[in-house]
Amino acid sequence: MPPERQHQDWRSETGSRLWLSGLIAAMQHAERPEIRRQPVAPEIVIELRAQLALAASYRASHISTQRH
């Protein structure tokens with residue numbers, strides 16, 4: 001799914017919960033010892049950074065509009 005579409009989908013409460021559930025599931029998977037021992041592919045790191053940037057940009061824009 002393109003990042004723009006993901007950004008629109010998780011603006012709703014349901015979408016936000018789905019995004020958070022997916023993040024928690026990914027973190028639980030990543031904490032497993034057999035997974036932690038494996039090197040992380042560079043493309044996965046790039047995708048992770050893009051996902052985190054989406055979350056940060058949404059929060060920053062949401063907070064700034066609430067102040068005005």
Going from [atom1] on [X] to [atom2] on [Y], what distance comes out if it is rounded to the nearest 0.5 angstrom?
X	Y	atom1	atom2	result
Gln28	Leu23	CD	CG	10.0 Å
Leu48	Glu43	CG	CD	12.5 Å
His29	Glu34	NE2	CD	8.0 Å
Arg49	Ile46	CZ	CD1	8.0 Å

In one Ile/Leu/Val/Met/Phe/Trp/Tyr side-chain cluster, 4.5 Å: Val45, Leu52: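 Val45 and Leu52: separate clusters.
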Arg36 atom CZ, neighbour heavy-atom count above 12 within 6.0 Å: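 Counting other residues, nucleotides and ligands, CZ of Arg36 stays at 12 neighbours or fewer.
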